[in-house]
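Here's the structure we're looking at; comments come further down.
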Amino acid sequence: MNVMDVLGFLSHGFIQKALLAGSFVAISCSTLGVFLVLRRLSLIGDGLAHVTFGGVAMGMFFGVYPLHIAIPVVMASSLGILKLVERARLFGDAAIGMVSSLGIAAGIVLASIAGGFNVDLFSYLFGNILSISASEVVTSLALSAGVIAVIVLLFHELLSLTFDEESARASGIKTGRINTLLVLLTALTVVLAMRVVGIMLISSLLIVPPVTALQIARSFKGTMFLAALLSVLSVVAGVFLSVAFDLPTGASIVILNFVFFMLSLGYKQVRQKAG
Amino acid sequence: MHVDVVRMEHLSFAYNAIPVLSDVSFVLRSGDYCGLVGPNGSGKTTLIRLLLGFASPTSGSVSLFGENPARFGEWGRIGYVPQRLVAFNPYFPATVEEVVGLGLLARHRFPRYPRKADRPMIDRALHVMEINDIRHKLIGELSGGQQQRVLIARAMVTDPDLLILDEPTAALDPEIREQFFSILRDLNSTKGITILIVTHDIGSIGKYASTLLYLDKKVIFHGSFEEFCISADMGEYFGSFSQHVICHRHDGQAGQGS
């Protein structure tokens with residue numbers, strides 16, 4: 001592949017839209033993911049992705065654009081998880097497991113009753129960012145920019161809370177509100193990521209880039225920056241590879257993320273040996 | 001008008017109807033260095049949580065600089081060091097400087113972040129705790145003693161009036177523990193910071209603290225270490241042999257509190 005080929009790729013509208021939306025979603029997933037991974041909440045992304053399945057099925061069942069139903073359903077479910085932990089005193093993983101199972105079960109029941117949208121649902125399960133529409137690009141950009149803006153504005157509060165919740169509280173930080181905001185942002189991001197990698201692979205965008213960055217970064221800001229950079233790189237390279245070799249885009253992005261992780265492990269070991 | 005730093009009056013607290021603290025009253029005045037001691041499950045950490053407004057008393061009252069902790073807003077006046085072992089993930093990817101800077105968030109409202117003008121405060125806290133040379137290291141790469149210094153630097157970066165420490169020495173070896181108590185004594189005597197420290201080690205803290213508060217669901221003793229050592233009530237409570245061991249196991253330094 002030479003420079004002309006690359007420029008040729010970039011001249012296609014569907015590639016431009018995929019790169020633009022994918023990069024913004026990747027940045028919001030990876031930066032949010034740093035806080036989730038360090039707070040041992042990695043699996044909340046996976047759980048909410050399952051709920052997204054239910055939300056999408058609900059949208060199709062009622063003949064509404066799936067994203068318009070999935071966003072409020074997943075956000076409400078994220079608050080449900082938080083309440084189950086706080087009020088019913090369930091462990092976080094148990095609450096996530098319960099809510100995600102309910103999401104999947106609801107999706108299966110609705111798909112079964114409708115009997116006709118199984119193929120459409122399949123496309124949401126595995127994603128296809130190359131077919132993203134212009135209005136979906138605008139929605140993804142606007143919502144991702146909103147998520148990134150909140151993370152930037154609350155960066156130090158989120159850092160303080162992630163480092164040590166009690167001390168954050170003793171600094172006057174409203175930890176309850178920030179926790180609520182964190183799960184709501186996660187819910188929004190999960191729904192956005194559905195179009196990039198598909199419901200089945202959403203959690204990898206939230207988990208793998210932060211874990212990779214944690215292997216090599218030398219500060220918290222460095223971890224955030226590196227996670228975002230690697231995540232965007234994997235989206236850009238994944239889109240190109242999938243088009244060039246006719247591979248599924250979402251899976252290509254996830255595999256590239258994993259390759260970066262393996263490289264980071266190798267780099268870490270070399271650095272440790274070098275002293 | 002003189003305002004007590006901490007005032008608890010007839011405070012009781014129950015968790016799931018099980019009494020944890022009962023009729024606790026004490027006052028902490030400006031410049032006090034108070035060791036909060038007692039056996040496991042005696043309610044020490046609960047008392048700290050009530051003081052910081054993390055929980056509300058079942059009955060009685062607590063005030064922080066004259067205000068109900070639930071409505072308290074001047075968090076920059078408080079430095080808090082939680083129990084080290086549960087405090088943070090040892091692989092957390094933050095540098096010493098980033099962690100110390102977090103203490104400054106108490107001084108600001110939204111958007112909270114350390115300002116450029118705060119820089120000298122971070123430098124001063126790093127200097128006082130003698131951790132300036134490791135400011136760019138990751139916190140997880142430090143020894144237990146160094147990590148503890150970082151947490152104290154974070155707590156005192158705002159120049160607080162009150163420093164609250166919850167079992168900060170539990171994971172430290174005896175030598176570093178003594179150093180640690182000594183650092184706190186210096187902060188108390190040179191900067192006039194009021195200190196409330198939770199510890200199991202009565203003998204050690206007795207050498208440094210101006211007052212001891214012995215808690216076992218209620219206040220068993222509140223006074224100086226010297227008073228503790230000659231108290232007939234404490235002799236009866238602990239047994240005179242145990243009282244003697246507590247008071248004299250540190251080379252007979254009883255009564256040398258600052």
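All chains are named by letter (A, B, ...) in the order of the sequence lines, taking the proteins before the strands, and each is independently numbered beginning at 1.
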Is the ring centre of A:Phe155 less than 6.0 Å from the ring centre of B:Tyr113?
no
Rounded to the nearest 0.5 Å, what separates atom CZ in A:Phe163 from atom CG in B:Leu151?
5.5 Å
Between atom CD1 of B:Ile164 and atom OG of A:Ser167, what is the distance when rounded to the nearest 0.5 Å?
11.0 Å
Can you say whether A:Thr223 sits under 4.5 Å from chain B via the side chain, the backbone, both, or neither, judging by heavy atoms?
side chain
At a heavy-atom separation under 4.5 Å, does B:Phe110 approach chain A through its side chain, its backbone, both, or neither?
side chain
Decide side-chain contact (heavy atoms from CB on, under 4.5 Å) for B:Phe92 and A:Thr162; before the verdict, give the C-alpha distance in whole Å, the side-chain angles of both, and the deciding distance to 0.1 Å.
CA-CA 9 Å; B:Phe92 201 85; A:Thr162 306; 3.7 Å; yes
Can you confirm whether A:Lys174 is buried at NZ, in the sense that more than 12 heavy atoms of other residues, nucleotides or ligands lie under 6.0 Å from that atom?
no
Could you give the distance from CZ (B:Arg112) to CD (A:Glu157), rounded to the nearest 0.5 Å?
5.0 Å
Under 4.5 Å from a heavy atom of chain B, the part of A:Leu214 involved:
side chain
Minimum-distance pair of heavy atoms, taken over all atoms of A:Lys221 and B:Glu98
N-OE2, 3.3 Å
Measure A:Ala217 against the heavy atoms of chain B and call it side chain, backbone, both or neither at under 4.5 Å.
backbone
Please give me the minimum heavy-atom distance between B:Tyr80 and A:Ala170, naming the atom from each residue.
CD2-CB, 3.7 Å
Check this for me, if you would: do B:Arg49 and A:Glu166 make a salt bridge, where the nitrogen-to-carboxylate-oxygen distance has to be below 4.0 angstrom?
yes
Minimum heavy-atom distance B:Pro82-A:Asp164, with the two atoms named:
CG-OD2, 3.0 Å
Does A:Ser171 reach the side chain of B:Thr158, with side-chain heavy atoms less than 4.5 Å apart?
no
Pick whichever of A:Leu159, A:Val34, A:Thr175 has the most heavy-atom pairs under 4.5 Å with chain B.
A:Leu159
Measure across A:Ser219 and B:Leu138 and return the closest heavy-atom pair with its distance rounded to 0.1 Å.
N-CD2, 4.0 Å
Segment of B:Val99 engaging chain A (4.5 angstrom heavy-atom cut-off)
side chain
If you count every heavy atom of other residues, nucleotides or ligands that lies below 6.0 Å from A:Arg218 atom CZ, does the total exceed 12?
yes
Need one label for A:Ile173: side chain, backbone, both or neither, based on atoms under 4.5 Å from any heavy atom in chain B.
both
Check this for me: B:Arg115, atom CZ, are more than 12 non-hydrogen atoms of other residues, nucleotides or ligands nearer than 6.0 Å?
yes
